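Proteins come first, then strands; the chains are lettered A, B, ... in the order of their sequence lines, and each starts at number 1. Since the structure is predicted, the reported quantities are computational estimates derived from the model, not experimental observations.
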2 protein chains.
Amino acid sequence: MGEAGPGHELPLRLFAAFRAAVDAVHDDLAAHGHPDLRPMHGFVFQAIGTRGTTAVELGARLGVTKQAAGKTIAALEQQGYVERAPDPRDARRKAVRLTPRGRDVLDRSARTFARVRAQWAEQIGPDRLDALEADLAALAPGEAFRLDAPGWFGPDR
Amino acid sequence: MGEAGPGHELPLRLFAAFRAAVDAVHDDLAAHGHPDLRPMHGFVFQAIGTRGTTAVELGARLGVTKQAAGKTIAALEQQGYVERAPDPRDARRKAVRLTPRGRDVLDRSARTFARVRAQWAEQIGPDRLDALEADLAALAPGEAFRLDAPGWFGPDR
DNA sequence: CCATGATCGACAACCTGGTTTACTATATGG
DNA sequence: CCATATAGTAAACCAGGTTGTCGATCATGG
């Protein structure tokens, strides 16, 4: 018990599991018409969501400046994942919404994450998986929907 | 039970816990003479280790090209974290070793990770924490010491 | 009703950490 | 002894961040 081993093993295992799930998603995406998406883009698509957003709001969600968010939006628009339309109620704003192609990414991601979860439940048992999730929630409370990984990683702050 | 919620919640919780541990380490480092280190550098220092390395080997461990590893080494040398010496047995090689300042980063990181682990054990109980670690090892087997996060994140492959 | 200030999106210049391509110097094996 | 492989370096480029600036458009208090 408590065979702690080197202290960094647990964090690395947390990261490895996260990464395994994300890799499963991107393997599926690459095999179905979205070969150029990187792990980082997962956060971006989640942050845009089915309801759409704006550059400022996206920047806040991703933890980056609005300029960086604007560049990301322009790139995704170029690739046909999002479209921009003027906001009729505020001429300064431009609404950013997922195209059908963009929504396909979100749908596929959700399905693959669910598939991974089911597979994990098979491997360690649903009860253990629920316990794992509950314990994680206790250790990093409330932070479930923080999507600001792009700003967290990366050189600047 | 098994209230799965949206499928991406579990991966995000894994990442949030990983991030909480890494943030604790970098808060401590920033407070003790290493304010400019980013989360990414943690992987670099682990990959160099107390035994030293070379540019090619470091690149392999981090999952980047030897050129990128060389740039990273040059930057860390500039900041006094590593030093380079010619390898007497192979004039092509340059041995890269941590300076005392670099070893301080490794030592502090290990201590803080251990402290975080102890705190987590208090919060959910040592038995639950051991179970969590064992389950994670089952879900992402063998991948405990993969340090190639820099290459995994980031634009190119 | 309008002047002032806040907000949204864009542009430019720059930084960091990647990549590819190309090169030199040194080992190594047939 | 030479052909090939390997270690490190360098140049040009790219992606995704940053700051600073700006024009256009709200929103508000006098």
Side-chain angles (χ1 to χ4, degrees), chain A residues 26 35-45 47-48 52-79 81-97 147-157, chain B residues 26 35-45 47-48 52-79 81-97 147-157:
Chain A
H26 282 83
D36 292 339
L37 294 180
R38 307 281 314 137
M40 199 209 61
H41 292 112
F43 290 95
V44 178
F45 278 89
I48 297 173
T53 184
T54 67
V56 166
E57 191 186 14
L58 182 61
R61 288 181 185 166
L62 297 179
V64 302
T65 59
K66 61 181 180 176
Q67 292 90 333
K71 283 192 190 181
T72 300
I73 291 167
L76 291 180
E77 189 179 32
Q78 195 78 8
Q79 297 176 276
Y81 286 111
V82 304
E83 58 192 358
R84 272 184 281 197
D87 184 329
R89 305 198 267 197
D90 187 336
R92 293 170 304 176
R93 294 191 167 199
K94 286 186 183 172
V96 178
R97 249 173 304 154
L147 296 172
D148 53 339
W152 183 74
F153 236 77
D156 315 306
R157 179 115 63 179
Chain B
H26 281 83
D36 293 339
L37 295 181
R38 306 280 316 138
M40 199 208 60
H41 292 111
F43 291 95
V44 178
F45 277 90
I48 297 174
T53 184
T54 67
V56 166
E57 191 186 13
L58 182 60
R61 288 182 184 165
L62 297 178
V64 302
T65 60
K66 61 180 180 177
Q67 293 89 334
K71 284 191 190 181
T72 300
I73 291 168
L76 290 180
E77 189 179 31
Q78 195 79 9
Q79 297 176 276
Y81 287 112
V82 304
E83 56 192 358
R84 272 184 281 196
D87 184 328
R89 305 198 267 199
D90 187 336
R92 294 171 303 176
R93 293 192 168 198
K94 288 185 183 173
V96 177
R97 251 173 304 152
L147 295 173
D148 55 338
W152 183 73
F153 236 76
D156 315 306
R157 178 111 62 180

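Put simply, A:T65 has a side-chain N or O that comes within less than 4.0 Å of OP1 or OP2 on D:dT18. Checking the phosphate oxygens (OP1, OP2) of D:dG17, a side-chain nitrogen or oxygen of A:T72 falls inside 4.0 Å. At the phosphate of C:dC8, neither OP1 nor OP2 sits under 4.0 Å from any side-chain N or O atom of A:R84. Between B:K66 and C:dT19 there is no side-chain N or O to OP1 or OP2 distance below 4.0 Å. For the OP1/OP2 pair of D:dT9 and a distance below 4.0 Å, the side-chain nitrogens and oxygens of B:K94 include at least one atom meeting the criterion.
As a whole-Å value, the separation of B:R92 CZ from D:dA7 P is 6 Å. Taking atom CZ of A:R93 as the reference point, atom P of D:dC26 lies 11 Å away to the nearest angstrom. In this structure, B:Q78 places its CD atom 14 Å from C1' of C:dT16, rounding to the nearest Å. For A:H41 and D:dA15, the NE2 to P distance is 10 Å, given to the nearest whole Å. Regarding A:F43, its CZ atom lies at a distance of 15 Å from the C1' atom of D:dG16, rounded to whole Å. Computed from coordinates, the A:D87 CG to C:dC8 P distance equals 11 Å when rounded to whole Å. In this structure, B:R89 atom CZ and C:dT26 atom C1' are separated by 16 Å, rounded to whole Å. We find that CH2 of B:W152 is positioned 15 Å from P of C:dG18, with the value rounded to whole Å.
When each of C:dG9, C:dG18, D:dA7 is scored by its nearest atom to the side-chain atoms of B:P150, the top-ranked nucleotide is C:dG18. With distances taken from any side-chain atom of A:V64 to the nucleotides C:dG9, D:dA7, D:dT18, the minimum falls on D:dT18. Of the listed nucleotides (D:dG17, C:dG17, C:dG9), C:dG17 has the atom at the smallest distance from the side chain of B:M40.
Sequence order on DNA chain C of the closest nucleotides to A:Q67 and B:P88 puts A:Q67 first from the 5' end.
Using a 4.0 Å heavy-atom distance criterion, A:A55 is classed as a sugar-phosphate-only contact. Contact annotation for B:A91: backbone-only contact, meaning every heavy-atom pair under 4.0 Å involves sugar-phosphate atoms and none involves a base.
For the pair A:L76 and A:I48, the minimum side-chain heavy-atom distance is below 4.5 Å.
For CZ of B:R97, the number of neighbouring non-hydrogen atoms (other residues, nucleotides, ligands) closer than 6.0 Å is 12 at most.
Relative orientation of the A:F153 and B:F43 rings is tilted, given thresholds of 30° and 60° on the angle between their planes.
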